[in-house]
Number of protein chains: 2
Amino acid sequence: MDQTSSEIAAAEPAERRRLPPEERRRQIVEGAVTFFADVGLEGKTRDLAKRLGITQSLLFNYFANKAEIIEAVYAHVYLDRLSDDWPRRLTDRSVPLRDRLLTFYTEYSQLIFEYEWMRIFMFSGLAGAELNRRYLHHMGTVILHPLLEEIRAAASAPVDPQMEDIWNLHGGIVYIGIRRHIYQVPTPDDPSEAIAHAVDRFLGSFGVV
Amino acid sequence: MDQTSSEIAAAEPAERRRLPPEERRRQIVEGAVTFFADVGLEGKTRDLAKRLGITQSLLFNYFANKAEIIEAVYAHVYLDRLSDDWPRRLTDRSVPLRDRLLTFYTEYSQLIFEYEWMRIFMFSGLAGAELNRRYLHHMGTVILHPLLEEIRAAASAPVDPQMEDIWNLHGGIVYIGIRRHIYQVPTPDDPSEAIAHAVDRFLGSFGVV
DNA sequence: AACCCTATTGATCGAATGATCTATAAATCG
DNA sequence: CGATTTATAGATCATTCGATCAATAGGGTT
């Protein structure tokens, strides 16, 4: 099972030492983010150390154990991903609903269509992490449900949307990132056109101008 | 990192022996499918054996090494998933396009919205398996591209769809399975309604009756 | 009931892994 | 410049892992 062995590269040309602790810690966390995004959360500490150009034992001077390193990776990847003024902006009816949706998904896709985020989110989801359920629940209640109400308010078609429809819109967009970073197949460099079309189809079907 | 340790259960109450080789092999493969779907492809052979109620060494009497077990899992999970008369049925214009799409996605979702399939596909995708790229390429050329032509032929709206639009339809539907089996959040027991709505929105936006 | 074939077990090997501990040397301070 | 601090390296431990192999026993055949 060494399809992800890591003789890939050691970042540093080696032989530098004694960084200030905060800086070293930051360097380890950032290296760990891309390392675990590459090989999965079961990546070996020796491989991580090699990639960082430090010894394996040094890792345990900054983190009590491997689980703590992964905690730090989670924190670094997830922190402040969901800007907390999106709920407000999404419900600001002085702006056309279409514009609100487009700016949201443009910004949101820029955040999550990122190699590290997408893959670590998927790895931790498969590992059964509570984190992912919390994240999706938050997404549903704080973003998508208000969105549902906005669309209902602006709709003129006989059928009115349900949460599952909003999840469908959301999923179709997120799936671009899954294709790109999980399955690693070609996707449009700039997804904004595909996103715009998806949003327009969605709004159009509910009779939103 | 033992969030997926496996004291979960040993299937057999133990102490039975000497099955016909083909049957034992089949039993191992089936057990391995759900085992690796649960814990990932880095699951330990000792845990797999424990779940099967056999010794770890017995595994290596049927498979030369762990990689061979996983090959057998792939084969068992993927084989004949894509019925090869779907391309024909999807392009059979004696049937309304909407009906063709609905039956396709109803059948297809029944196949892939399955715990084992969904999770092993995701695990192998993250591991960088060529398998997934081949599968998605096949999906694109054999199913989705013909579908694109069908929609173009039936469309009456000024804008005509692109492959990326079809992928959007597809992704929105597949995402239901991802939520259910990867993130393990609640989804509709029967996704057919959500699928039908997604299909109708899609076709409607291109002016397909 | 004795025999034989072989499916299965149990013990074990060598490598890899997370973690610990002591020795070393880089930087800072007086 | 010498002493002190401490970030870092190197050696090592206890487990765990995939894999091997000789010993055992299930069960069909005669």
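All chains are named by letter (A, B, ...) in the order of the sequence lines, taking the proteins before the strands, and each is independently numbered beginning at 1.
Side-chain nitrogen and oxygen atoms of A/Y62 include at least one within less than 4.0 Å of the OP1 or OP2 phosphate oxygen of D/dT8. Between B/R24 and C/dT8, a side-chain N or O to OP1/OP2 separation shorter than 4.0 Å is present.
Between B/K66 and B/E42 there is no salt bridge, since no side-chain nitrogen of the basic residue lies less than 4.0 Å from a carboxylate oxygen of the acidic one. With respect to the salt-bridge test (charged N to carboxylate O, under 4.0 angstrom), the residues B/R25 and B/E22 do not qualify. Comment: B/R100 does not engage B/D92 in a salt bridge, judged by the lack of any side-chain N to carboxylate O separation of less than 4.0 angstrom. A salt bridge is defined here as a Lys NZ or Arg NE, NH1 or NH2 lying under 4.0 Å from an Asp or Glu carboxylate O, and B/R88 with B/D85 meets this definition.
Taking atom CG of A/L58 as the reference point, atom P of C/dG18 lies 16 Å away to the nearest angstrom. In this entry the distance linking NZ of A/K50 with P of D/dA9 reads 14 Å, nearest Å. Rounded to an integer number of Å, the gap from CG of A/L41 to C1' of C/dT17 is 17 Å. Taking atom CG on A/L59 and atom P on C/dT17, their separation rounds to 14 Å, with Å as the unit. Between the C1' atom of C/dG18 and the CD atom of A/E68 lies a distance of 14 Å, rounded to the nearest Å. The CD atom of B/E22 sits 13 Å away from the P atom of C/dT6 (whole-angstrom rounding).
The neighbour count for B/E193 CD, taken as heavy atoms of other residues, nucleotides or ligands under 6.0 Å away, does not exceed 12. The neighbour count for A/E107 CD, taken as heavy atoms of other residues, nucleotides or ligands under 6.0 Å away, is above 12.
Contacts of A/Y183 classified as ring pair (Phe, Tyr, Trp, His ring centres under 6.0 Å), with partners at least two apart in sequence or in another chain: B/F121. In this structure, the side-chain contact (heavy atoms from CB on, under 4.5 Å) partners of A/E114, at least two apart in sequence or on a different chain, are A/R81, A/E116, A/W117. Every residue meeting the ring pair (Phe, Tyr, Trp, His ring centres under 6.0 Å) condition with A/F202, not counting sequence neighbours, appears here in chain and number order: A/F206.
Within the nucleic acid shown, A/P21 comes within 4.0 Å of sugar-phosphate atoms alone, with no base atom in reach, counting heavy atoms only.
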(message) I'd like to compare against my own output: the B/S/- annotation of nucleotides 12-22 of chain D with a strict under-4.0 Å heavy-atom distance to protein.
(response) B----BBBBB-
(request) Using a 4.0 Å cut-off on protein heavy atoms (strictly under), produce a 5'-to-3' string for nucleotides 25-30 of chain D with B for base contact, S for backbone-only sugar-phosphate contact, and - for none. (result) SBS---
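Of all the heavy atoms in B/F63 and B/A72, the pair that sits closest is CE2-CB, 3.8 Å.
Taken from CZ in A/F123 to CD1 in A/I70, the straight-line distance is 11.0 Å, to the nearest 0.5 Å.
Summary of helix geometry: the two end axes of the helix from C/dA1-D/dT30 to C/dG30-D/dC1, each defined by five base pairs via their C1' atoms, are inclined to each other by 10° (rounded to 10°).
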